[in-house]
Amino acid sequence: MRYDFSAIEKKWQANWAERNTFATGTDPDKPKYYVLDMFPYPSGSGLHVGHLEGYTATDIIARYRRSRGFNVLHPMGWDAFGLPAEQFAIKTGTHPRLTTEANVASFRETLKSMGFSYDWNREINTTNPGYFRWTQWIFLKLYEMGLAYMSEIDVNWCEELRVVLANEEVDEKLAEGYTVVRKPLRQWVLKITAYAERLIEDLDGLDWPENVKQMQRNWIGRSEGVEIDFELRCHRTNLKVYTTRPDTLFGATYLVISPEHPMAEKLAVAQQLTAVRSYIEQARLKTELERTGLQKEKSGVFTGSYAINPANGEALPVWISDFVLTSYGTGAIMSVPAHDSRDWEFAKKFSLPIREVVKSPHDVQDEVFEGKESVGINSSNDEVSIDGLAFPTAFDRMATWLESKGKGKRKVNYRLRDWVFSRQRYWGEPIPIKHYDDGSMRTETSLPLTLPEVEAYQPTSTGESPLANIDEWLFGSDEHGHFRRETNTMPQWAGSCWYYLRFIDPSNGEQLVDSAKERYWMNVDLYIGGAEHAVLHLLYSRFWHKVLYDLGVVSTKEPFQRLFNQGMILGEDNEKMSKSRGNVIPADHVLNAYGADAVRLYEMFLGPLEQVKPWNTNGIEGISRFLGKVWRLVWEEFGTSPKITEDRPAEAILKRMHKSIRKVTEDVELLKFNTAISEMMVLVNELQKAGCSSREAVESLLLMLSPFAPHITEELWQNLGHETSISGATWPVFDPELARDDVLTIAVQINGKLRGTFEAATGSSKEQLLLEAKNVESVMKFLEGQMIVKEIVVPDKLVNFAVKPF
RNA sequence: GCCAAAGUGGCGGAACUGGUAGACGCGCUGGACUCAAAAUCCAGUGGGUGCAAACUCGUGUGGGUUCGAGUCCCACCUUUGGUACCA
């Protein structure tokens, strides 16, 4: 019988669906395992081989865990709100729902033909009212807790898309050729900064790649510093400045405030007023990116005013410059040009004095010195001195002194900003808020608040979403009066912030998730997805989870215990797969040509899961050959019954088999699928060479292989007379005795160079190994006429002689 | 600029806590089977010298530690990812 992958794969996929083979286990005596993929946005271009990598990995783990006796939750769903479907609607008038449905159907079909063991009964879709009802519910909770507020802020406005972009999205859109300007709009904002501290702290307990944790820490950007009050000459008010280097206060030679600082214009003296006004106006016209862009020359203008340095009473000129960010700290800084590269550049440009206050290895007039490992100099007044003190002590003493004088206060700052949460789009979750004529706001009383049908999908000319055009949806009245609904919708992140919870209890109409079920299944034990979500999705998700924790909805502080980033698969030209490059390998293409088992195995065989690696369609031939060999262990080409034998395999085969079980088990646990497959290839090669089709050996192989190649193993398992699915069978165990080598090859080196080998029994004594090593023929000639200076023996490994001529 | 990771045959990649570099696969070369081909099987395959036995060089570059370094240390080069005036 020949191996017909296409018929076999169809047969078993139908069989699994019919028997509901992969329904989530509920046996209360079993431990649980929740293995999750980052669910996809169902795009119109379909899945390519790169998308399947992570899904294959989680499927192997899901199947492996089931065979180790776990109840496994392994679900799939769709992150289906999003811009592409809306853009398509604007162009063609097709409702985004229809586009989305078609794309979902195509994605689902491809995933099913890969033989993934998802529990399809739990499929979710973020655009389904039964789902986004709870997304809206969470938003209302945020609102009630004061974590969602409206604010007039400068947003990143994209002219062409007529949409507000998150700071994070700006670069992406600019790269795609859109223009982005700053424009003030009333926006919903989520107070993620209130959770900054916890978002940093709780990273410690997670099994995440260190670099992802570090990226999140950097993104949150916690810093400890001091807010210092500078008195202004000729003004009643003070100027507050934030610094992380209070130890350099004696070296401050000027102050700088941002152009948007409330004091900016007030500080301008008469002669400077025109210059100051024109500088502020210029800055306003620039986008954020132009202001913070690459290799930018420093610019600025002097206000004409002076502030008093609280440390030494000096009068410091106050400048305005756009290198100072309005939204960080107090929007004002003290400049210490000797010890800060930005201040140094600025001082050089405008010929401001540079004063050394940290002992520097070179002249600070020529080059800045930012090091913290040196000590203070020129830093004392009648009450305090930090001369000779290293950074931590100097920081502390200055901070304490400033606080005692009422001139400063220690302060922790974060780089993280609050999250702009509203989008002027149609295809998103409506924000369930009503605005009354008297200016008050109330929450919608009945959820879900669904999207009305609209004629056109373009935003209005004022930048509001198309919902603002639908009067019958927009306006209403109740006992509190006449109201207008919120027209903003939520960003795509919203639905993906909590989807892992809904999988636990996908059709609950009463609650977001049943508490008992939540307690059983959380946390997610393994979460696999692309590194592109290392910061945003994972940070937003963690934020919402903590809010839900505070609400008592979830029982854990963190959602994802173990995170793994799969590496991208590049095109055959070693470039990122993209339509424009024409190097995309569509999933359906290789699936039709080689079958799901071959594609699954090859995806995993390419290299380490976490690594970026190029696809090479030729290489899949090797996998097809391997599957052919496995098939022929059971079937002759023209045989009518399996050629399996019931005898015990030869000792050598048995040892190989147990070693393979050990190696494959270890590798699967570590997600090292490439070497696990390699090991199974070695085993198959040996079985084939030995002409061994012993049931014991072949069945062990099939069991190990089944998470990787579920269809062929399921078929052969049945051929061998089993009536139940191999997916319900138990993972093989190895016998440590049999997995051990009795005889080992020992290397013999002279001065570290390999000169020969010999065989020795495992556990031979050092003396014996030395004796034998000296008798190896190829070694003897190198020892002749030499004096052995040192003998090194590594048991079961090697013998090395350090020699010198007599 | 800063932070992180990585550089191994023609290619993808193996190599446990320093211990026989190149497992496994692709590709290539030769052979068997065949009328022929496909499929399959067998043998070989890092560079150099040599008929051969063998010798020698070899894990980005240059140093170092060690009996012994792909693995550890120092300096540098390159690539990838992240970040971009956060005071």
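Values below: every heavy atom of this structure, side chains too, minus hydrogens, waters and symmetry copies.
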| side-chain contact (heavy atoms from CB on, under 4.5 Å) partners for A/Ala194, two or more places apart | A/Leu147, A/Lys191
In plain terms, say whether [X] and [Y] are close enough for a salt bridge, that is, a side-chain N and a carboxylate O under 4.0 Å apart.
X        : Y        : value
A/Glu370 : A/Lys372 : no
A/Asp207 : A/Lys213 : no
A/Lys672 : A/Glu610 : no
A/Lys349 : A/Glu297 : yes
A/Asp741 : A/Lys659 : yes
A/Lys348 : A/Asp343 : no
A/Arg2   : A/Glu637 : yes
A/Glu777 : A/Arg755 : no
A/Glu197 : A/Arg222 : yes
A/Asp229 : A/Lys407 : no
A/Lys409 : A/Glu227 : no

Nearest whole Å is fine: how far is [N] [atom2] from [X] [atom1]?
X        : N      : atom1 : atom2 : answer
A/His261 : B/rA87 : NE2   : P     : 17 Å
A/Trp319 : B/rC85 : CH2   : C1'   : 18 Å
A/Glu345 : B/rA87 : CD    : P     : 17 Å
A/Gln566 : B/rG81 : CD    : P     : 16 Å
A/Glu532 : B/rU83 : CD    : P     : 12 Å
A/Leu798 : B/rG19 : CG    : C1'   : 4 Å

For atom [atom1], what is the distance between [N] and [M], given to the nearest Å?
N      : M      : atom1 : value
B/rC28 : B/rG9  : C1'   : 13 Å
B/rG64 : B/rG70 : P     : 15 Å
B/rC74 : B/rU66 : C1'   : 16 Å
B/rA21 : B/rA14 : C1'   : 10 Å
B/rC85 : B/rC72 : P     : 35 Å
B/rU78 : B/rG27 : C1'   : 27 Å
B/rU8  : B/rU83 : P     : 27 Å

| Anti versus syn assignment for B/rG12, with syn defined as within 90° of 0 |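 Anti, angle beyond 90° from zero.
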Considering every strand and a 4.0 Å limit on heavy-atom distances, what is the contact class for [X]: base, sugar-phosphate, or nothing?
X        : answer
A/Asn211 : sugar-phosphate
A/Asn685 : sugar-phosphate
A/Ser223 : sugar-phosphate
A/Asn618 : sugar-phosphate
A/Val682 : sugar-phosphate

| Side-chain N or O of A/Tyr328 closer than 4.0 Å to phosphate OP1/OP2 of B/rA87 |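 Affirmative; the distance criterion is met.
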| B/rA87 phosphate, OP1 or OP2: any side-chain N/O from A/Lys240 under 4.0 angstrom? |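 Looking at the OP1 and OP2 atoms of B/rA87, neither is under 4.0 Å from any side-chain N or O of A/Lys240.
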| said: Quick check on ring pair (Phe, Tyr, Trp, His ring centres under 6.0 Å): which of A/Trp631, A/Trp635, A/Phe626 does A/Tyr3 satisfy it with? | reply: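 Single ring pair (Phe, Tyr, Trp, His ring centres under 6.0 Å) partner of A/Tyr3 among A/Trp631, A/Trp635, A/Phe626: A/Trp631.
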Taking only nitrogen or oxygen atoms into account, show me every contact under 3.5 Å that the protein makes with nucleotides 39-43 of chain B, one pair per line with its distance.
{"residue": "B/rU40", "atom": "O3'", "partner": "A/Arg632", "partner atom": "NH2", "Å": "3.4"}
{"residue": "B/rC41", "atom": "OP1", "partner": "A/Gln688", "partner atom": "NE2", "Å": "2.9"}

| field | Residue whose nearest RNA chain B nucleotide is more 5′ - A/Asp343 or A/Lys753 | value | A/Lys753
| RNA chain B in dot-bracket, Watson-Crick or G-U pairs under 3.5 Å, [ ] crossing, | other strand? | (((((((..(((......[....)))((((((.......))))))((((....))))..(((((..]....))))))))))))....
| request: Determine whether the side chains of A/Ser223 and A/Tyr328 contain a donor N or O and an acceptor N or O closer than 3.5 Å. | output: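 On atom types as modelled, these side chains qualify, holding a pair under 3.5 Å.
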| Is it the case that A/Glu759 and A/Thr745 place a side-chain donor and acceptor less than 3.5 Å from each other? |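 Yes, A/Thr745 and A/Glu759 have a side-chain donor paired with an acceptor closer than 3.5 Å.
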| task | Could you encode protein contacts along nucleotides 49-55 of chain B as a string, one character per nucleotide from 5' to 3', using B for base contact, S for sugar-phosphate-only contact and - for no contact, with a heavy-atom cut-off of under 4.0 Å? | result | -----SS
| request: Answer with yes or no whether A/Glu621 presents, from its side chain, a donor or acceptor under 3.5 Å of a partner atom in the base of B/rG25. | output: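 Per atom types, no contact qualifies.
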| note | A/Lys643 meets the salt bridge (Lys or Arg N to Asp or Glu O under 4.0 Å) criterion, sequence neighbours left out, with A/Glu636
Enumerate all atom pairs, one protein N or O and one N or O from nucleotides 5-16 of chain B, separated by less than 3.5 Å.
{"residue": "B/rG12", "atom": "O2'", "partner": "A/Leu606", "partner atom": "O", "Å": "2.6"}
{"residue": "B/rG13", "atom": "OP1", "partner": "A/Gln611", "partner atom": "OE1", "Å": "3.3"}
{"residue": "B/rA14", "atom": "OP1", "partner": "A/Asn674", "partner atom": "ND2", "Å": "3.0"}
{"residue": "B/rC16", "atom": "N4", "partner": "A/Lys797", "partner atom": "NZ", "Å": "2.9"}

